[in-house]
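Let me begin by presenting the structure, written as structure tokens, before commenting on it.
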Amino acid sequence: MKENIKTYWTSKKPIYGLRHFVLINELHNDSKIAFHLVSVLDAQITVEVSESELNNKNNWHSGWLDLSKSESITKNYFELKLIQKNHNKHKKVFLNDDSTFNIS
């Protein structure tokens, strides 16, 4: 990774309701460089940003800002988790004991 790129970042706007991220990978695609960041609070929340976007002070702050809980975890995050929880409920498959697909 480039030496001038820091590891810890705060998004100026919530991303899926979260603002604190850690840089985990530098991605090279032809002549473009992007960075893969993961939320500090939820490893399922990841984002890929270009080098110019990450260095744009209107989008990102290098380091972690000391934010209140409501600023660092917005209601959008809780809504997202509720949707994911409800979505996963419908993915369960139940088999009868006499089903030919029951291998237990």
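Computed from a prediction, not measured in an experiment: that's the story for all the values here.
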* **Rounded distance (nearest 0.5 Å) linking atom CG of Leu80 with atom CD1 of Ile45** => 5.0 Å

* Polar contact flag, side-chain donor to acceptor under 3.5 angstrom, Asp42-Tyr16 -> no

* Structure fact -> Rounding to 0.5 Å, atoms OG1 (Thr74) and CD1 (Ile15) come to a distance of 11.0 Å

* Quick check: does any side chain N or O of Ser11 sit under 3.5 Å from a backbone N or O of Pro14, one acting as donor and the other as acceptor? -> no

* **Trp64, Trp9, Tyr8, Phe21 screened by side-chain contact (heavy atoms from CB on, under 4.5 Å) with Val40, the one that passes** => Trp64

* Considering only heavy atoms from C-beta outward, does the side chain of Arg19 approach that of His61 to under 4.5 Å? -> no

* Asked: So, does Lys12 use its side chain to make a donor-acceptor pair with the main chain of Lys57 at under 3.5 Å?
  -> yes

* To do: Indicate yes or no: at least one non-hydrogen side-chain atom of Leu18 is less than 4.5 angstrom from one of Ile73.
  => yes

* Say whether, by atom type as modelled, one donor and one acceptor occur between the side chain of Thr10 and the main chain of Gly63 under 3.5 angstrom. => yes

* Please report the C-alpha distance between Thr46 and Leu37 in whole Å, then the side-chain angles of each, then the deciding distance to 0.1 Å, and finally whether the side chain to side chain contact (heavy atoms under 4.5 Å, CB included) criterion is met. => CA-CA 6 Å; Thr46 63; Leu37 297 121; over 6 Å; no

* To the nearest 0.5 Å, tell me how far Ser50 OG sits from Leu27 CG. => 11.5 Å

* Asked: Which is it for Leu23 and Lys6 under the side chain to side chain contact (heavy atoms under 4.5 Å, CB included) test, yes or no, and what are the steps along the way?
  -> CA-CA 8 Å; Leu23 177 64; Lys6 305 292 185 206; over 6 Å; no

* **Donor-acceptor contact present, side-chain His20 to main-chain Leu65, <3.5 Å** => yes

* Phe35 side chain reached by Glu48 side chain, heavy atoms, under 4.5 Å -> no

* Asn56 side chain vs Ser52 backbone, donor-acceptor pair below 3.5 Å -> no

* Structure fact -> So CD1 of Ile33 and CG of Leu54: to nearest 0.5 Å the spacing works out to 11.5 Å

